[in-house]
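The structure under discussion appears below in the form of structure tokens.
For reference, positions follow the sequence shown, starting with 1. Ligands are counted one by one from 1 in listed order, and the atoms in each one are counted from 1 as well.
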Amino acid sequence: MTTNPLAVSICGVDFKNPVIAASGTFSFGFEFSKLFDIDRLGGISVKGLTREKREGNPGPRIAEAYGGVLNSVGLQNPGIDVFIKNMLPYLETKKIKVIANIAGDSEADYCYLADRLNDTSVSIIELNISCPNVKEGGMAFGVTPQSVKKITAAVKKHAKKPLMVKLSPNVADIADNARAAEDGGADAISLINTIKAMAVDVERRRPVLKNVTGGLSGPAIKPIALRMVWEVYNAVKLPIVGMGGIMNASDALEFILCGAAAVQVGTANLIDPLSSGLIADGLKKYVEKNKMNSLGELRGKLLV
Ligand SMILES: Cc1cc2nc3c(=O)[nH]c(=O)nc-3n(C[C@H](O)[C@H](O)[C@H](O)COP(=O)(O)O)c2cc1C
């Protein structure tokens, strides 16, 4: 029997490879599937879902930055019902694991969304308590260790699916928040969400983004993301899904060496929509070249 060296199990969910499309950068997969076979990926984390449909923030809501992108899209999405009825059946035709990224304005919203997802084919719930672009939703729950623990424990009581808590980098100590998620009963941790930032238009003397601030993503944040993954890896026992500026297979390997069991690819999809498939191919080449039985052998094996 031949085993797949790229296979990875995260809180009991088997991914055929550790490359997952990051929430908000891959929509629900449909548009990308016209460009490449998305079955080459291990999974997809869908755009942040809320109770009701949302239009997101007014534009301009995307700005370029050196080595990255600033966005203040907010949580534009069709709402949980439309996702379950119209998007999920399409994703069920694919051989990729579906992660439902959820967000809300209150603890009750998050618990409601977890309940709604219980009897669906979704594999993992990703708790987005780290979106810097909406006033009430998300970020407010992800700031202090106390609030992280409280929301995690509340949603955990409702979720029959494994719960992955997505941490914000806009905090005092990421390791404290990771420990809080673990204490609250999280099954896995993903990090990082975007870093709160802004861009200025000198001619107009105005912020580029209508929302004034946005979230920075892309290669510019990779060194920060790596540092945070490493700190979290040393703080908790939970499996970690790392992200932040991954553009190629070598970047993904850096995250795995720092302790990530899998990675998510975000902004790279906006620059080259074929990126995530190419990263999965690159990891395959790497294990073949190095004659590895399992890519997991590298996890956390940074020599320090
Ligand atoms: C346009 C855009 C929309 C995003 N929307 C979401 C979202 O709905 N939920 C979420 O948890 N993260 C969202 N993110 C954050 C990404 O999933 C990811 O955490 C972040 O961009 C860092 O990874 P990257 O540098 O590879 O993009 C969004 C990012 C971008 C660029």
Can an N or O of [X] be found at a distance shorter than 3.5 Å from an N or O of ligand 1?
X: Thr25; answer: no
X: Thr194; answer: no
X: Met243; answer: no
X: Val73; answer: no
X: Glu126; answer: no
X: Lys47; answer: yes
X: Ile192; answer: yes

Where does Thr267 meet ligand 1, judged by heavy-atom distances below 4.0 Å: at the side chain, the backbone, both, or neither? both
Asn193, portion touching ligand 1 at heavy-atom distance under 4.0 Å: both
Checking heavy-atom distances from atom 26 (O) of ligand 1 to each of Gly266, Ser27, Gly74, the winner is Gly266
Counting heavy atoms only, which of Ser23, Gly48, Ser276 comes nearest to atom 14 (N) of ligand 1? Ser23
Is it the case that the side chains of [Y] and [X] hold a donor-acceptor pair, with the cut-off being a distance below 3.5 Å and no angle test?
X: Tyr286; Y: Ser250; value: no
X: Ser23; Y: Glu126; value: no
X: Asn193; Y: Ser168; value: no

Treating Asp187 as the side-chain partner and Leu163 as the backbone partner, does any N or O pair qualify as donor plus acceptor under 3.5 Å? yes
Atoms in ligand 1 flagged as close to Gly245, the criterion being non-hydrogen separation under 4.0 Å: 24 (P), 25 (O), 26 (O)
If every non-hydrogen atom of Ala261 is compared with every non-hydrogen atom of Val8, which pair is closest and at what distance? O-CG2, 3.6 Å
Locate the shortest heavy-atom distance separating Val165 from Ala186; write the atom from each residue and the value. CG2-CB, 3.7 Å
Below 4.0 angstrom, N of the basic side chain to O of the carboxylate: do Asp81 and Arg116 qualify? yes
Residues Asp109 and Arg51 bridged, charged N to O under 4.0 Å: yes
Stepwise, does the salt bridge (charged side-chain N to carboxylate O under 4.0 Å, His left out) test hold for Arg227 with Glu231? CA-CA 6 Å; Arg227 185 265 294 175; Glu231 285 180 353; 3.1 Å; yes
Residue-ligand contact Asn101/ligand 1, heavy atom below 4.0 Å: yes
